[in-house]
Amino acid sequence: MFDQLNQYLFAIFNSSPGLDGWRLHGAIFAAEWLIMIVPLGLVLMWMNGDTAQREAAVRAFLAAVIALTINKLIGLAWTHPRPFVAEIGHTFMYHAPDSSFPSDHGTSMFSVALGLLLGPLREARRFGAALLLLALPVAWARVFLGVHWPLDMVGALVVSTFAAVLINTRPGQALAATLVPLMQTVYRRVLAAPIAKGWLRP
């Protein structure tokens, strides 16, 4: 039933043969490069934010760590072949033939987006909502280009939701609040010169 549904949905979203031009390049950009807004956004939250924003960034990062760890455990327990390994559909970008379920790209974006969106800080929630919207073309593109199944993205969303809810519980918030002062100490020592010149927030 799982594989039948996957193949049915994959046939809907996977590209037809002969994909080229702006559609190919746009899909590859979405599949491979949009994810870079996640680390960039978290770094900017840390470097320009106050303590509350830094705690939100750390919670989102921890949500991603938890979710990706769960992904790894799922992959070790159950290897699910990618579409091109199963010789189904059409593939337009290179990917290692490892387990497809859940999608790490989808998980990285969903977990950080939801980690921010479910938190108490309004500014962080806005960024989380924007990331969640950006995660949709990433998920679509990786199926469209033939390196993931649709249910890989559903699995990524489920795992990410669990991790984001977990890290926004009181223990999760307490963990982030404990880590931030330690991280700030390292940050202020490593980047003491630009901080002293006023280029970065202390």
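Along the sequence shown, the residues carry numbers beginning at 1.
The CG atom of Leu118 lies 5.5 Å from the CG atom of Asn168; values are rounded to the nearest 0.5 Å. How far CG of Leu34 is from CG of Leu131: 10.0 Å, rounded to the nearest 0.5 Å. The line from CE of Met153 to CZ of Phe13 is 11.0 Å long, rounded to the nearest 0.5 Å. Atom CG of residue Asn71 and atom OG of residue Ser160 lie 7.0 Å apart, to the nearest 0.5 angstrom. Distance check: Met109 CE to Leu134 CG gives 5.0 Å after rounding to the nearest 0.5 Å. One finds the OG1 atom of Thr91 at 7.0 Å from the CG atom of Asn14 (value rounded to the nearest 0.5 Å).
Arg142 places a side-chain N or O within donor-acceptor distance of the main-chain N or O of Ala31, the cut-off being under 3.5 Å. One N or O on the side chain of Arg125 and one on the backbone of Gly119 form a donor-acceptor pair closer than 3.5 Å. In this structure, the side chain of His148 engages the main chain of Ser100 through a donor-acceptor pair within 3.5 Å. No donor-acceptor distance shorter than 3.5 angstrom exists from the side chain of Asp152 to the backbone of Pro102, with no hydrogens or angles considered. For the pair Thr169 (side chain) and Val165 (backbone), a donor-acceptor distance under 3.5 Å is absent. At distances below 3.5 Å, not a single donor-acceptor pair connects side-chain atoms of Glu55 with backbone N or O atoms of Ala52. Although no hydrogens or angles enter the test, the distance criterion places no donor-acceptor pair under 3.5 Å between the side chain of Arg59 and the main chain of Ile167.
Asp3 and His80 share a side-chain donor-acceptor pair at under 3.5 Å.
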Quick one: do Leu62 and Leu179 satisfy side chain to side chain contact (heavy atoms under 4.5 Å, CB included)? Show the steps, please. CA-CA 11 Å; Leu62 291 174; Leu179 289 175; 4.0 Å; yes
Could you walk me through whether Ser15 and Leu145 pass the side chain to side chain contact (heavy atoms under 4.5 Å, CB included) check? CA-CA 6 Å; Ser15 174; Leu145 295 172; 5.9 Å; no
Checking Val143 against Phe10 for the side chain to side chain contact (heavy atoms under 4.5 Å, CB included) test, could you report, in this order, the C-alpha distance in whole Å, the side-chain angles of both residues, the deciding distance, and whether it holds? CA-CA 7 Å; Val143 177; Phe10 183 76; 3.9 Å; yes
Does Arg201 form a side chain to side chain contact (heavy atoms under 4.5 Å, CB included) with Arg54? I'd like the steps, not just the answer. CA-CA 11 Å; Arg201 190 166 186 164; Arg54 289 176 175 178; 4.1 Å; yes
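Atom CH2 of Trp78 has more than 12 neighbouring heavy atoms from other residues, nucleotides or ligands inside a 6.0 Å radius. Within 6.0 Å of atom CZ in Arg23, 12 or fewer heavy atoms from other residues, nucleotides or ligands are found, so the atom counts as exposed in its surroundings. Counting heavy-atom neighbours within 6.0 Å of Ile37 CD1, excluding the residue itself, gives a total of 12 or less.
Put simply, Leu76 and Ile66 are part of two different groups of oily side chains (I, L, V, M, F, W, Y) that touch within less than 4.5 Å, one to the next. Hydrophobic clustering, with ILVMFWY side chains joined whenever heavy atoms are under 4.5 angstrom apart, keeps Leu132 apart from Val38. The hydrophobic cluster containing Ile12 also contains Phe84, counting ILVMFWY residues as joined when their side-chain heavy atoms lie under 4.5 angstrom apart, directly or transitively. Note: the hydrophobic cluster containing Val190 also contains Met47 (ILVMFWY, side chain heavy atoms under 4.5 Å, direct or indirect links). Follow the hydrophobic side-chain contacts under 4.5 Å out from Val186 and you reach Val43 in the same cluster.
Between Ala164 and Gly115, the closest heavy-atom pair is CB-N, 3.5 Å. Summarising the geometry of Thr79 relative to Pro81, their closest heavy-atom pair is O-CD, 3.9 Å, with the distance given to 0.1 Å. Met183 and Trp46 make their closest contact through CB-CH2, 3.5 Å (heavy atoms, listed as atom of the first residue, atom of the second, distance). For the residue pair Asn6 and Leu151, the shortest heavy atom distance occurs at OD1-N, 3.0 Å. Considering all non-hydrogen atoms of both residues, Phe127 and Leu42 come closest at CE2-N, 4.5 Å. Across every non-hydrogen atom of Pro97 and Val85, the tightest pair is CB-CG2, 3.7 Å.
Arg82 has a carboxylate O that lies under 4.0 Å from a charged side-chain N of Asp98, or vice versa, which qualifies the two as a salt bridge.
Aromatic ring centres of Phe101 and Trp149 lie farther apart than the 6.0 Å criterion allows.
Within the 4.5 Å cutoff, the side chain of Tyr187 has no heavy atoms near those of the Arg189 side chain.
Between Phe144 and Trp140, the ring-plane angle classifies as parallel under the 30° and 60° cut-offs.
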